[in-house]
Amino acid sequence: MKNREISLIFEHIAQCLEFRGESTFRQNAYRRAARALTDLAEDVEEVYARGDLENVAGIGAGMASKIAEYLETGKIQRYEEARKGIPDTLIELMKIPGLGPKTLRIIHDRLGIENIDQLEAAAREGRLDDLPRLGGKSIENILRGIQLVRAGSGRILLGNVLPVVESIISALREKTTLGDCLPAGSVRRMRESVGDIDILATAPDGRSVIEAFTSLPHVHSVLAKGDTKGSIITGEGLQVDLRVVAAESYGAALQYFTGSKDHNVHLREIARKHGLKINEYGVFRGDKRIAGATEEEVYATLDLPWIPPVLRENRGEIEAAARNRLPRLVRQQEIRGDLHVHSDWSDGHASMEEMIRAAKNMGYQYVAISDHSSAATIAKGLDVTRLHRQAAEIEKLRSRISGIEILHATEMDIRPDATCDFPDDIMAGLDLVIASVHSAMKQDEATMTRRVLAAMENPNVHVIGHPTGRLVGGRGALRLNMEAVIHKAAETGTALEINSQPARLDLDDVNARRALDLGAMLIIDTDSHHPNQLQNMRFGIAVAQRAWVGPENVLNTRDIRSFRQWLANKQKKAAPRKRRRKAAAASV
DNA sequence: GCCGTTTTCGGCCCGACTGTTTTCAGTCG
């Protein structure tokens, strides 16, 4: 799967063009193509083989021929030209906030600066002072930007951000008179990680709200404080901006600040064709405002229904809305059970009973206790003997806890040699088997793919847990042919997990969308190790929604009877020949 | 470099803020 590789090259070309000051439209074309490739769940090589590259929005003849060139030769001539004389370390400097391509180019051309250390030294030694348009404040800004870049990528897990945002909004509601108030930006779109946070509000008295905001206990430092906008850094190091807007502009502002940028650009192009102009204050025909108080009326001016924020990534949602074909998205209240829950029998931090009661409090009909198998030694994985003892313990809990069905499950290792960590008869005795890769994670693609496919072919394996093994902003995905995995999942009736842990979110939205397209079933669960973590379900739900997934594709929206039916069917579907042979043998 | 309700050429989203300037370039979201 070379989608990511080529996408990075296109992005790099765009950066080089930007540095050289070439046409912004051409830069944007490369960026759009880069984006199209990361959003393309299908393997670009297959699209190429079919001759369909130019049917992908954002990819025209030029991009298609460059992709073809890369797939055939491993190189792109245009890329080599674009980056000539521009070291990668120089491109890295474009990440410094406040330092754009124009200024960077002057700094590079006049002083020969090529990396962050040289830049910092030059700024401190006053060598930037004589350059045009660079005064004391600009240089101060650059130095601050350098610190920010050094401090890290700046994107934080949604799971860490959302609780802070919610706590800020509820504190504001307590202390001031607020009308509407919502987080905008990538928080509202529920992206897996977030840069900074925008909150929008209406209020009778903006100044007092900003005043209250900048004196919240969350505040570490105040960056700006005016009548309508305040900006703070929290103790967690998050930048939070609060804007108070007029009620008549609230919808337009919310739409505008929610983004995504690509979604908004597309929307404004359509507006222009309708003779309208959209900005953060409203929708205008000439000077006349025709909408703006609610998002619904903003979309309505373009003859579109309201589009859920989770879909606003310019991945076809605007076209779907225009045809009135927006998907019906799965909702958290439709989830009937959590199927991936650990207890202190392995590496969980609470007893089975605590976890089960917490699941019952979530309103679930069923819960699966799925502790690790013995190969996961660090996680105190269970061997067969302990598994049997656990089964007996669960039987007791079933009689003690009413109102929730308890499934005895396992999160079983798929061993490096592609065998399962439990024998077939042991798996067959469990209610549910989730098979996951936890070891030998650096295997090559062919080996790793064979390993996961083999697990799916086992009729006793129901689910593949955190299929790609990636960690958000951290460890990359396993080298795995996901296209083959998803096809096999559909073929064998094996479900793929959307793991709701904020650091995993695995499958991600792109893979989950592909699973939907290819007819593979999904399970959304939390992989909880503590009762509190059952609340993470909403992050998995968000991934599914971002992937356009509806309830019919999520197995744990089914009631327990229908879910058990699926469990039984999986065993028939996965290996019909083997089972027939077995049945024949038995009848002899 | 892409693309078509301005359709094979000529457009390409929009506005605010900052800091540097005397009317605006650069950067950001």
Side-chain angles (χ1 to χ4, degrees), chain A residues 10-11 13-14 16-19 21-36 53-67 76 78-79 82 93-107 128-142 144-145 148 154 184-189 194-200 223-224 226 228-229 231 239 241 243 245 249 252-284 298 302-303 314 318 322:
Chain A
F10 284 172
E11 177 60 34
I13 293 176
C16 292
L17 297 179
E18 189 176 2
F19 177 76
E22 289 186 34
S23 152
T24 53
F25 304 116
R26 188 169 295 143
Q27 295 169 31
N28 283 337
Y30 277 103
R31 293 217 157 89
R32 220 166 32 236
R35 177 70 197 275
L53 281 176
E54 289 188 51
N55 290 331
V56 177
I59 294 180
M63 297 295 179
S65 78
K66 289 178 183 70
I67 293 170
I76 297 175
R78 183 74 181 84
Y79 180 39
L93 296 183
M94 299 210 309
K95 285 189 189 147
I96 296 170
L99 179 61
K102 299 269 166 52
T103 313
L104 182 59
R105 185 145 173 230
I106 293 173
I107 291 173
L128 302 184
D129 298 359
D130 296 335
L131 298 180
R133 302 195 67 83
L134 275 178
K137 292 221 175 175
S138 299
I139 292 167
E140 225 173 81
N141 257 334
I142 289 172
R144 198 175 321 129
L148 281 175
S186 43
V187 173
R188 185 153 177 254
R189 301 201 315 280
V194 171
D196 55 10
I197 298 162
D198 278 310
I199 301 176
L200 282 178
L223 298 178
T228 61
K229 184 183 163 183
S231 192
Q239 178 172 341
D241 296 346
R243 292 160 210 272
V245 303
S249 295
L254 191 57
Q255 198 289 319
Y256 178 85
F257 285 107
T258 296
S260 67
K261 190 175 183 227
D262 291 340
H263 175 90
N264 286 356
V265 166
H266 192 167
L267 220 54
R268 276 178 235 151
E269 280 168 4
I270 295 174
R272 220 166 25 83
K273 286 168 190 159
H274 282 65
L276 301 172
K277 188 176 70 174
I278 301 183
N279 59 28
E280 59 261 56
Y281 301 108
V283 184
F284 296 86
V298 170
L302 306 180
D303 297 324
N314 199 31
I318 293 174

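Numbered from 1 within each chain, the chains take letters A, B, ... in sequence-line order.
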Could you give the [atom1]-to-[atom2] distance, from [X] to [N], as a whole number of Å?
| X | N | atom1 | atom2 | answer |
| --- | --- | --- | --- | --- |
| A:L17 | B:dC2 | CG | P | 12 Å |
| A:I139 | B:dG26 | CD1 | P | 16 Å |
| A:K102 | B:dC28 | NZ | C1' | 13 Å |

Only distances under 3.5 Å count here; give the side-chain donor-acceptor pairs of residues 269-281 of chain A to other protein atoms, sequence neighbours excluded, each with its distance to 0.1 Å.
residue, atom, partner, partner atom, Å
A:H274, ND1, A:I270, O, 3.0
A:N279, OD1, A:Y281, N, 2.8
A:N279, OD1, A:G282, N, 3.2

Check your understanding: Is A:T258 reaching over with its side chain to a backbone N or O of A:L254, donor-acceptor style, under 3.5 angstrom?
Key -> yes
Within the structure shown, what part of the strands sits under 4.0 Å from [X] by heavy-atom distance: base, sugar-phosphate, or nothing?
| X | result |
| --- | --- |
| A:G136 | sugar-phosphate |
| A:A33 | nothing |
| A:G58 | sugar-phosphate |
| A:K66 | sugar-phosphate |
| A:I96 | sugar-phosphate |
| A:L267 | nothing |
| A:P132 | nothing |

Review point. Tell me, do A:I107 and A:L99 make a side-chain contact under 4.5 Å, heavy atoms counted?
Key: yes
Check your understanding: With a 4.5 Å heavy-atom cut-off, do A:I106 and A:L134 have their side chains touching?
Key -> no
**Study point:** From B:dC24, B:dG1, B:dC12, nucleotide with atom closest to A:Y30 side chain
**Key:** B:dG1
Review point. Which nucleotide in the list B:dT6, B:dC24, B:dG1 gets nearest to the side chain of A:R78?
Key: B:dG1
**Study point:** Nearest-Å distance once atom C1' is located in both B:dG11 and B:dT6
**Key:** 8 Å
**Study point:** Spacing of the C1' atoms in B:dC14 and B:dC9 (rounded, Å)
**Key:** 25 Å
Review point. Below 4.0 angstrom from OP1 or OP2 of B:dT27, is there any side-chain N or O of A:T103?
Key: yes
Check your understanding: Are A:R144 and A:N141 close enough that a side-chain donor and a side-chain acceptor fall under 3.5 Å?
Key -> yes
Review point. Of A:G60 and A:N264, whose nearest nucleotide on DNA chain B comes first from the 5' end?
Key: A:G60
Nucleotide N/O to protein N/O under 3.5 Å, stretch nucleotides 15-18 of chain B:
residue, atom, partner, partner atom, Å
B:dG15, OP1, A:K277, NZ, 2.9

Review point. Taking only residues two or more places apart in sequence or in another chain, which ones pass side chain to side chain contact (heavy atoms under 4.5 Å, CB included) with A:A252?
Key: A:V298
